[in-house]
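Here is how names work: the chains are called A, B, and so on, in the same order as the sequence lines, proteins then strands, and each is numbered from 1.
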There are 2 protein chains.
Amino acid sequence: MAIRAGRGLGQYSGVARALERVGERWALLIVRDLLAGPRRYSDLKSGLPRIPTNILSDRLKELQESGVVRRVPTVRGGYELTAFGRGLEPVVVALERWGWSALGDLAEGEVLTADALAMALRAAFRADAAAELPPTEYVLHVADMSVSALVVGRGLDVVPVGPGALPQPRRSVPDVAPEAVLELAVEPSGFRDLLTGLPGAVAVKGPPHGVTILDGGSALLERFRLTFRIEPVAPPAGVTDADATGDAASVA
Amino acid sequence: MAIRAGRGLGQYSGVARALERVGERWALLIVRDLLAGPRRYSDLKSGLPRIPTNILSDRLKELQESGVVRRVPTVRGGYELTAFGRGLEPVVVALERWGWSALGDLAEGEVLTADALAMALRAAFRADAAAELPPTEYVLHVADMSVSALVVGRGLDVVPVGPGALPQPRRSVPDVAPEAVLELAVEPSGFRDLLTGLPGAVAVKGPPHGVTILDGGSALLERFRLTFRIEPVAPPAGVTDADATGDAASVA
DNA sequence: CGGGATCCCAAGCGATACTG
DNA sequence: CAGTATCGCTTGGGATCCCG
């Protein structure tokens, strides 16, 4: 048990305490997926293709000991966040927003999962802008998965649709029928531009590359872009050698 | 290139990109300290007593390659955050707030540094409450170090005072003379209660244990507690055994 | 068949020593 | 003071195997 002494960061600090609990590799990605709802072991594994199974098992055990994750009693292999674990949402959202500026292009072998998509939408959500718009449902199809985002007032509820596991009935927004529905087919490459682009650009240039409107008008797409937007923080500047941040692709 | 294959998380996601850049051990603690201002190698080393020097060297190199950190040209061994790196403040603040709920007591061998203190104050800052209070300076003495927090309207500027390195003249708040100054001597143990306690408690019970007013009245202490407060998110509940998971100190 | 546990190897981390 | 070099140990990665 003297091992534990080596693990601590030796700091009496909230940041250090947080990192001791969820700072290990893969831990916050597991939390990200569980923020979308309860998941089974195999769901987590398939959503995180590069994680070795023993590491996933270890992390889940550690996260349970930290009080971040608990097992779902009724479901074999089911895991969910505790209230304490759900408190990590601001952390994950902040990471998502910051990392967005360094997203670059889809690299080979990288996956885009429904849970990652859901978190991106949560991080991009503008409650202030949404509050002035009528209740709307946005359905996004990316590759082989789909997510539905229901926006009512300042509330947002994102649920993965399709092969997602453990269907959760809880909708955190009031049960109102949306005034309108926008349905988009999005290429993984166009997904970044969809959330990054400036509002108003649709009216001028139409949908970004890789985005097709399946249902709804371009006015609804504009509404989407007012509701969901991630402001780039600052370019990863000052890099001496090449890094893979290919944000130069979008020629202005 | 093959190196990257092993390191990458294989996810096209902002969270994954962020973790690939600042998810390594110690990285976010280095960022935390640099958020307080430029620091020299030795400052970072002494603020992070448990970090091996080669790891500090490696992390600084990696953070420079990621565009998070740059060297201060005029100072030997000086480092500072880039604009991109300063964009991590919401991440660090969110971690600080969450980790605060799991802070526990000061464990043996743990240090409380001025930079950690400054980040705690930043995370605890309530701009809404501060906006309705007159400009105030708060000086905290903890162990052998001191920090000064100047609050003007919704603005906050925290500077470590004393043996801190690279004195930075920049004050982000307007240069107003504070209407009042509160000076506190705080034990490391009392520091947590000072930021966690509910407002109003001072009037009833006086200062928390381990907090002594050196200058200013208890009304100013109440002002402090309105201005700086970290709401606990939720207890690290649901743990099977004691909540001492992660720390070796089994002693209560 | 899904949910993990066990191996082995490589890479990362930690402590110390050493150099410009 | 600001790192680099080296070494043993711990951890993560990948494949396999076991158990219900």
Contacts of [X] that satisfy side chain to side chain donor-acceptor pair (under 3.5 Å) - sequence neighbours left out:
X         : result
Arg70(B)  : Glu80(B)
Thr53(A)  : Tyr41(A)
Glu183(A) : His141(A)
Thr196(B) : Trp100(B)

Spacing between [X] atom [atom1] and [N] atom [atom2], to the nearest angstrom:
X        : N       : atom1 : atom2 : result
Arg50(B) : dT10(D) : CZ    : C1'   : 15 Å
Leu44(A) : dG2(C)  : CG    : P     : 15 Å
Ile55(B) : dA11(C) : CD1   : C1'   : 11 Å
Leu56(B) : dA5(D)  : CG    : P     : 16 Å
Ile30(B) : dA2(D)  : CD1   : P     : 15 Å
Leu48(B) : dG14(C) : CG    : P     : 11 Å
Trp26(A) : dG14(D) : CH2   : P     : 8 Å
Leu29(B) : dC13(C) : CG    : P     : 14 Å

Query raised in the report: Do the ring planes of Phe228(A) and Phe125(A) sit parallel (below 30°), tilted (30 to 60°) or perpendicular (above 60°)?
Result: tilted
Query raised in the report: Base, backbone or nothing for each nucleotide of nucleotides 3-9 of chain C, written B, S, -, heavy atoms under 4.0 angstrom, 5' to 3'?
Result: SBBBB--
Query raised in the report: Listed by chain and number, what are the salt bridge (charged side-chain N to carboxylate O under 4.0 Å, His left out) partners of Arg17(B), not counting sequence neighbours?
Result: Glu110(A), Glu20(B)
Query - Results of salt bridge (charged side-chain N to carboxylate O under 4.0 Å, His left out) for Asp115(B) - residues two or more places apart only - result: Arg39(B)
Report summary line: side-chain contact (heavy atoms from CB on, under 4.5 Å) filter on Val186(B), not counting sequence neighbours, yields Leu140(B), Val142(B), Leu184(B), Phe191(B), Leu194(B), Val211(B)
Query raised in the report: Gln11(A) and Arg32(B): side-chain donor and acceptor closer than 3.5 Å?
Result: yes
**Report entry** Minimum-distance nucleotide to Arg25(A) side chain [options: dG12(C), dG12(D), dA15(C)]
**Finding:** dG12(D)
Requested in this report: With pairs defined as Watson-Crick or G-U wobble and both distances under 3.5 angstrom, please note down DNA chain C as a dot-bracket string, | for pairing with another strand.
Outcome: |||||||||||||||||||.
